[in-house]
K.L.:
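Sending over a structure as C-alpha coordinates; questions will come in a sec.
Every value quoted in this text rests on a predicted model; they were computed, and no experiment measured them.
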Amino acid sequence: FSLQSPCNLLYGCCCPADKPSPIFLTFSAIICGIGIVLAISGLTQASSGCDQPLVAFLVIGILLNAVLLLFAVYLYWQFSKPYGQDAANPHD
(Lines give C-alpha, C1' and ligand atoms only; values in the text may rest on other atoms or scores of the structure.)
Protein backbone atom coordinates (compact mmCIF):
# COMPACT_ATOMS: atom_id res chain seq x y z
CA PHE A 1 0.00 0.00 0.00
CA SER A 2 1.48 3.29 -1.07
CA LEU A 3 0.48 6.68 0.26
CA GLN A 4 1.27 8.27 -3.10
CA SER A 5 -1.56 6.43 -4.88
CA PRO A 6 -4.44 7.94 -2.82
CA CYS A 7 -2.84 11.38 -3.08
CA ASN A 8 -2.68 11.09 -6.86
CA LEU A 9 -6.30 9.96 -6.94
CA LEU A 10 -7.36 12.89 -4.75
CA TYR A 11 -5.32 15.33 -6.86
CA GLY A 12 -6.87 13.98 -10.06
CA CYS A 13 -10.35 14.35 -8.59
CA CYS A 14 -9.92 17.84 -7.12
CA CYS A 15 -7.54 19.37 -9.65
CA PRO A 16 -8.04 17.79 -13.09
CA ALA A 17 -5.54 18.83 -15.75
CA ASP A 18 -8.18 19.93 -18.26
CA LYS A 19 -10.13 22.17 -15.83
CA PRO A 20 -9.26 25.11 -13.59
CA SER A 21 -8.65 24.68 -9.90
CA PRO A 22 -11.91 24.67 -7.93
CA ILE A 23 -10.43 26.82 -5.14
CA PHE A 24 -12.74 29.80 -5.81
CA LEU A 25 -15.80 27.55 -5.89
CA THR A 26 -14.72 25.79 -2.70
CA PHE A 27 -14.02 29.08 -0.92
CA SER A 28 -17.39 30.50 -2.04
CA ALA A 29 -19.20 27.37 -0.90
CA ILE A 30 -17.59 27.58 2.54
CA ILE A 31 -18.20 31.32 3.02
CA CYS A 32 -21.76 31.29 1.64
CA GLY A 33 -22.55 28.03 3.40
CA ILE A 34 -21.60 29.53 6.75
CA GLY A 35 -23.84 32.54 6.08
CA ILE A 36 -26.76 30.37 5.04
CA VAL A 37 -26.42 28.05 8.04
CA LEU A 38 -26.19 30.96 10.48
CA ALA A 39 -29.16 32.73 8.90
CA ILE A 40 -31.30 29.57 9.02
CA SER A 41 -30.20 29.06 12.62
CA GLY A 42 -31.28 32.61 13.42
CA LEU A 43 -34.63 32.08 11.74
CA THR A 44 -35.39 28.92 13.68
CA GLN A 45 -34.47 30.30 17.09
CA ALA A 46 -36.84 32.73 18.78
CA SER A 47 -35.24 36.16 18.92
CA SER A 48 -35.03 37.55 22.39
CA GLY A 49 -34.35 41.11 23.38
CA CYS A 50 -35.12 42.58 19.97
CA ASP A 51 -37.79 45.19 19.37
CA GLN A 52 -37.97 44.34 15.68
CA PRO A 53 -37.55 40.83 14.35
CA LEU A 54 -34.69 40.17 11.96
CA VAL A 55 -36.62 37.80 9.71
CA ALA A 56 -36.47 40.02 6.61
CA PHE A 57 -32.73 40.62 7.06
CA LEU A 58 -32.04 36.91 7.47
CA VAL A 59 -34.14 35.93 4.45
CA ILE A 60 -32.33 38.52 2.33
CA GLY A 61 -29.03 37.13 3.62
CA ILE A 62 -30.01 33.60 2.65
CA LEU A 63 -31.08 34.70 -0.83
CA LEU A 64 -27.93 36.78 -1.35
CA ASN A 65 -25.66 33.92 -0.28
CA ALA A 66 -27.55 31.51 -2.54
CA VAL A 67 -27.14 33.88 -5.52
CA LEU A 68 -23.42 34.31 -4.81
CA LEU A 69 -22.97 30.56 -4.57
CA LEU A 70 -24.83 30.00 -7.85
CA PHE A 71 -22.66 32.68 -9.48
CA ALA A 72 -19.51 30.88 -8.29
CA VAL A 73 -20.82 27.62 -9.78
CA TYR A 74 -21.63 29.44 -13.03
CA LEU A 75 -18.12 30.93 -13.22
CA TYR A 76 -16.53 27.54 -12.62
CA TRP A 77 -18.77 26.00 -15.27
CA GLN A 78 -17.85 28.74 -17.77
CA PHE A 79 -14.10 28.39 -17.16
CA SER A 80 -14.33 24.59 -17.29
CA LYS A 81 -15.42 24.56 -20.91
CA PRO A 82 -12.75 23.37 -23.31
CA TYR A 83 -10.97 26.23 -25.05
CA GLY A 84 -11.15 24.49 -28.46
CA GLN A 85 -14.94 24.60 -28.42
CA ASP A 86 -14.96 28.40 -27.99
CA ALA A 87 -12.41 28.94 -30.76
CA ALA A 88 -14.68 27.29 -33.34
CA ASN A 89 -17.62 29.59 -32.52
CA PRO A 90 -16.29 32.82 -30.96
CA HIS A 91 -19.66 34.65 -30.88
CA ASP A 92 -21.53 32.00 -28.90
K.L.:
Please write out which residues are connected to L64 in a hydrophobic cluster, directly or through intermediates, given that two of Ile, Leu, Val, Met, Phe, Trp, Tyr count as joined at side-chain heavy-atom separations below 4.5 angstrom.
P.N.:
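Traced through the cluster, L64 reaches L68.
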K.L.:
Quick one: closest heavy-atom pair of I36 and A66, and the distance?
P.N.:
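Of all heavy-atom pairs spanning I36 and A66, the closest is CD1-N, 4.1 Å.
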K.L.:
How is the hydrophobic cluster of V37 composed, in terms of its other members, when Ile, Leu, Val, Met, Phe, Trp and Tyr link through side-chain heavy atoms under 4.5 Å apart, directly or indirectly?
P.N.:
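Taking Ile, Leu, Val, Met, Phe, Trp and Tyr as members, V37 stands alone, with no cluster partners.
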K.L.:
Tell me, please, which residues at least two apart from V59 pass side chain to side chain contact (heavy atoms under 4.5 Å, CB included).
P.N.:
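Listed in chain order: L43, V55, L63.
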K.L.:
With rounding to the nearest 0.5 angstrom, report the CG to OH distance, L25 to Y74.
P.N.:
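Taking CG in L25 and OH in Y74, the distance rounds to 14.5 Å.
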K.L.:
With F24, which residues qualify under side chain to side chain contact (heavy atoms under 4.5 Å, CB included), at least two apart?
P.N.:
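Expected list: S28, A72, L75.
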K.L.:
Please report the closest heavy-atom contact between L69 and C32, naming both atoms and the distance.
P.N.:
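The answer is N-SG, 4.0 Å.
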K.L.:
For L38, check side chain to side chain contact (heavy atoms under 4.5 Å, CB included) against everything at least two apart and list the hits.
P.N.:
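Side chain to side chain contact (heavy atoms under 4.5 Å, CB included) list for L38, sorted by chain: I34.
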K.L.:
Answer with yes or no whether the hydrophobic clustering places V73 together with Y76; edges join I, L, V, M, F, W, Y residues whose side-chain heavy atoms lie under 4.5 Å apart.
P.N.:
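Same cluster: V73 reaches Y76 through Ile, Leu, Val, Met, Phe, Trp or Tyr contacts under 4.5 Å.
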K.L.:
Just grab all the side-chain hydrogen bond (donor to acceptor under 3.5 Å, both in side chains) pairs involving residues 54-63, residues at least two apart or on different chains.
P.N.:
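Qualifying pairs: none.
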